[in-house]
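For reference, the structure discussed in these notes is given below.
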Amino acid sequence: MAEATVLDATPRYRRVVLKISGEGFCHRGERGIAMDAVLPLAQQIHRASRFQVQIAIVLGGGNILRGAQFKAGNTAIREATAHYMGMLATVINGLALQDALESLGCDTRLLTAIRMDGVAEPYIRRRASRHLEKGRIVLLAGGTGSPFVTTDTAAAQRALELEADVLLKATRVDGIYSDDPEKNPHAVLYSELTYDDVRRQNLRVMDFESVTKCQQYNLPILVFNFKKADHIERAVRGERVGTWVSRGCQ
Ligand code: UDP
């Protein structure tokens, strides 16, 4: 693999977990995978990989399928089965992103929480850590491997076990707002919040469980807009380009 040029001798973070939802893999209002959406994403990640920060990416799958769509009673597919289908969807996204990154010369490894030996390596914490130390971009698919949770929970879980410095949650909006900015033009964008603010005000940007987990272990979260040209790079470099969620007083 071609070595990326290394920039910035003193990055703010040693290791980050970047959560990319399935919406990053398709165009707004569409589903499935559009490689002309995946490639710009990969280009940003490629540029971000030059800053000597170890990057693990947790993949969402909502562009293909979310388990909750198949609530009990609605269909012959059991909800638990549907969640497993959702986890498999994240692997499909992982394969697409891996090829896009490799087409740019990035060294990557795709690891899955559900074993799929012909397709990817199994997720083993120590192995993931070793890949990161070697400068590989590690793609984490399959969520937690268990149904009834989302990939936000998987992202918090992996960030904690891989001892990341921050969880970077890439979304289509600029950060956390007081209300849905796509419906309410007066919604206010917050630059900083505490975990309690997010939970008390029920600010819906990550699921409750994942915020609780981050709070429990004091892992900061940055919610930012990956559609803005250089925001993944800036977030990885330590810039607070969206809403910073922490215990406060930092
Ligand atoms: N999923 C699951 N367990 C996990 C992670 C994901 O069952 O640990 C399923 C769940 O049904 C979820 C789907 O996989 O809806 C796709 O993930 P998610 O909805 O989090 O994707 P995103 O919204 O980030 O695109």
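Counting convention: from 1, in listed order, for ligands and their atoms alike. Sequence positions, counted from 1, serve as the residue numbers for this chain.
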- Closest non-hydrogen atom pair, Val241 against Ala235: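 Nearest pair, atom of Val241 first, then Ala235: CG2-CB, 4.0 Å.
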- Note on the structure: What one should report as the nearest heavy-atom pair of Ser246 and Pro220 is CB-CB, 4.4 Å
- Side chain, backbone, both or neither: Leu65 near ligand 1, heavy atoms under 4.0 Å: backbone
- Query: How does Ala89 reach ligand 1, by side chain, by backbone, by both or by neither, if only non-hydrogen atoms under 4.0 Å count?
  - Reply: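 Looking at Ala89 and ligand 1, no heavy atom falls under 4.0 Å.
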Examine [X] against ligand 1 and note whether any of their N/O atoms are separated by less than 3.5 Å.
X     : result
Asn63 : no
Gly62 : yes
Arg66 : yes
Glu23 : no
Ala82 : no
Gly61 : yes

Could you tell me whether [X] and [Y] make a salt bridge, using a distance below 4.0 angstrom between a side-chain N and a carboxylate O?
X      : Y      : result
Glu233 : Arg50  : yes
Glu133 : Arg14  : no
Asp174 : Lys228 : yes
Asp152 : Lys19  : yes
Asp117 : Arg115 : yes

Can you list the atoms of ligand 1 that are under 4.0 Å from a heavy atom of [X]?
X      : value
Phe148 : 7 (O)
Lys19  : 24 (O)
Pro147 : 7 (O)
Ser21  : 24 (O), 25 (O)
Gly143 : 4 (C), 5 (C), 8 (O)
Ser146 : 2 (C), 3 (N), 4 (C), 7 (O), 8 (O)
Thr144 : 4 (C), 8 (O)
Gly60  : 21 (O), 22 (P), 24 (O), 25 (O)

- Item | Whether Gln69 lies under 4.0 Å from ligand 1, heavy atom |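 No heavy atom of Gln69 comes that close to ligand 1.
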- Quick one: nearest non-hydrogen protein atom to atom 17 (O) of ligand 1, plus distance?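 Ranked first by proximity to atom 17 (O) of ligand 1 is Thr151 CG2, 3.5 Å.
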- Query: Who's the nearest protein heavy-atom neighbour of atom 1 (N) of ligand 1, and how far?
  - Reply: Val149 O, 3.2 Å
- Message: Looking only at the side chains, is there a donor atom on one of Tyr123 and Glu161 sitting less than 3.5 Å from an acceptor on the other?
- Response: yes
- Item | Thr243 and Glu192: side chain donor to acceptor below 3.5 Å |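 Judged by distance alone, the side chains do not pair up.
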- Checking heavy-atom distances from atom 13 (C) of ligand 1 to each of Ala154, Gly22, Ala155, Gly86, the winner is Gly86
- Query: Which residue from Met85, Glu79, His83 reaches closest to atom 9 (C) of ligand 1 through any of its heavy atoms?
  - Reply: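 It is His83 whose heavy atom sits nearest to atom 9 (C) of ligand 1.
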- Message: If we check side-chain hydrogen bond (donor to acceptor under 3.5 Å, both in side chains) with His131, which of these qualifies: Gln54, Arg126, Glu121?
- Response: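 Result: among Gln54, Arg126, Glu121, Glu121 is the only option passing the side-chain hydrogen bond (donor to acceptor under 3.5 Å, both in side chains) with His131.
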- Message: Centre-to-centre under 6.0 Å for Phe148 and His83, is that the case here?
- Response: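 Yes; His83 has its ring centre under 6.0 Å from that of Phe148.
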- Item | Residue of the set Leu203, Asp197, Val198 for which side-chain contact (heavy atoms from CB on, under 4.5 Å) holds with Tyr190 | Leu203
- Task: Any chance you could lay out the side chain to side chain contact (heavy atoms under 4.5 Å, CB included) test for Asp36 and His27, step after step, and finish with the verdict?
- Result: CA-CA 9 Å; Asp36 58 342; His27 298 295; 2.9 Å; yes
